[in-house]
Amino acid sequence: ASAGSVFISPGVVLETAIFFQVKAFTLDAFGLVRAFNVASGARVWQQSLVPDSEKNAGSGVFSLTFSSSSPGGSGGGLAADNGRLYAASGFGRIVALDPATGKQLWERSLGTPVRASPTAVGDRVFVVTTEGRFFCLSGVDGAELGAVRGIPQQASRVINVSPAVDGNLVVVPYPSGDLMALNVADGAPAWTESLARSRGNSQLASLSNAARPVIDNGTVFAVGHAGR
């Protein structure tokens, strides 16, 4: 196996591994966070993000069939900052874990799926949900420090991407194709930009989702599904 990857079973798509405190951490499509020793590849611990209500009763095996009220737990991702590992899941949960033991430090339910990694900087956790809601949470205890709802989008890819942070500026990509820059300290808006098109040649071309923005030397680089 290549470095930074772990084989679970055929057809299971893994999120990108991250490396922190001499360990590799992965999140698989079944909602399992695993920690591996970088030197030996041995598994150190694993922690499930699957709520008890979504597990097969009595079997201990996670089902790939979910109710209509829960569109599935796949997606999400990992981030690490200041001695804590953060995990987001398609079940709409954000949890903080001890990187050494996997012990859960806190948990917060956002009530809607998260399909991408959170961004963790300076004891703050930034995340965007599939419904276009941006949350800033305290990395210490999960308390909500701010929330901003984006413009609703009737048709979009069932994904969301991670915010980008540079100093006191967080740039939030919304499913509508809008970018919004916010002040990290107080949540005040700094500017907005749209990557959406007014019309497209096909239903696929009309989707407006923005990709994950990148900030380099004070300049924000962003691209949208519509081609802007």
Side-chain angles (χ1 to χ4, degrees), residues 12-18 20 25-34 47-55 62-64 66-81 84-97 104-121 123-139 141-153 156-165 170-180 182 184 187 207-213 225:
V12 176
V13 178
L14 303 183
E15 302 302 321
T16 302
I18 69 169
F20 185 62
F25 300 92
T26 64
L27 172 63
D28 68 23
F30 294 97
L32 277 176
V33 180
R34 292 181 171 92
Q47 178 71 265
S48 174
L49 303 183
V50 182
D52 291 339
S53 60
E54 296 289 348
K55 296 178 182 178
F62 304 138
S63 174
L64 288 179
F66 303 95
S67 67
S68 59
S69 61
S70 175
S74 61
L78 305 171
D81 173 64
R84 289 179 289 269
L85 177 70
Y86 303 101
S89 77
F91 295 106
R93 302 171 67 212
I94 306 292
V95 300
L97 305 172
Q104 182 172 302
L105 305 175
W106 56 258
E107 173 187 351
R108 186 171 185 89
S109 175
L110 303 181
T112 183
V114 178
R115 303 293 188 196
S117 303
T119 300
V121 179
D123 281 334
R124 285 179 167 88
V125 183
F126 307 92
V127 64
V128 183
T129 73
T130 55
E131 294 183 356
R133 293 197 66 189
F134 165 73
F135 291 90
C136 175
L137 307 178
S138 167
D141 57 11
E144 183 178 308
L145 302 179
V148 179
R149 183 182 292 276
I151 298 174
Q153 176 73 356
S156 67
R157 300 176 65 198
V158 189
I159 61 170
N160 57 286
V161 291
S162 309
V165 180
V170 54
V171 178
V172 184
Y174 286 102
S176 61
D178 291 311
L179 291 179
M180 181 178 292
L182 303 169
V184 170
L207 299 181
S208 302
N209 298 71
R212 181 172 187 169
H225 189 270

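In this structure, CZ in Arg124 is found 5.5 Å from SG in Cys136, a value given to the nearest 0.5 Å. Rounded to the nearest 0.5 Å, atoms CG (Leu110) and CD (Glu144) are 8.5 Å apart. The distance from the CD1 atom of Ile94 to the OG atom of Ser109 is 9.5 Å, given to the nearest 0.5 Å. To the nearest 0.5 Å, atom CD of residue Gln47 and atom CZ of residue Arg34 are 12.0 Å apart. Distance CD/Glu131 to OH/Tyr174: 13.0 Å, rounded to 0.5 Å. Here CZ of Arg149 is found 14.0 Å from CZ of Phe134. Values are rounded to the nearest 0.5 Å.
Across all their heavy atoms, Ala164 and Pro213 have their closest contact at CB-O, 3.5 Å. Across Pro118 and Ala79, no two heavy atoms sit closer than the pair O-CB, 3.4 Å. The minimum heavy-atom distance linking Ser117 with Ser162 is given by the pair O-OG, 2.5 Å. The shortest non-hydrogen separation linking Pro163 to Val128 is CG-CG2, 3.8 Å.
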Self-check item: salt bridge (Lys or Arg N to Asp or Glu O under 4.0 Å) between Arg84 and Asp123, worked out
Solution: CA-CA 9 Å; Arg84 289 179 289 269; Asp123 281 334; 2.3 Å; yes

Quiz item: Going through the distances and angles, do Val165 and Phe126 end up as a side-chain contact (heavy atoms from CB on, under 4.5 Å)?
Solution: CA-CA 9 Å; Val165 180; Phe126 307 92; 3.7 Å; yes

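Between Thr119 and Arg212, the closest side-chain pair of non-hydrogen atoms falls below 4.5 Å. Using a 4.5 Å heavy-atom cutoff, the side chains of Val33 and Thr26 are not in contact. Counting heavy atoms from C-beta outward, Leu27 and Leu49 have side chains that approach closer than 4.5 Å. Counting only heavy atoms from C-beta outward, the side chains of Leu85 and Phe25 approach each other to under 4.5 Å. Contact annotation: the side chain of Val148 approaches that of Leu182 to within less than 4.5 Å [non-hydrogen atoms, C-beta and beyond]. In this structure the side chain of Pro113 never reaches within 4.5 angstrom of the side chain of Phe91, judged on heavy atoms. Side-chain contact check for Arg108 versus Leu137: some heavy-atom pair is nearer than 4.5 Å. In this structure, Thr129 and Phe135 have side chains that are in contact, with non-hydrogen atoms separated by less than 4.5 Å.
Ser89 places no side-chain N or O within donor-acceptor distance of the main-chain N or O of Gly76, the cut-off being under 3.5 Å.
The aromatic rings of Trp106 and Tyr86 sit tilted relative to each other, their planes meeting at an angle between 30° and 60°.
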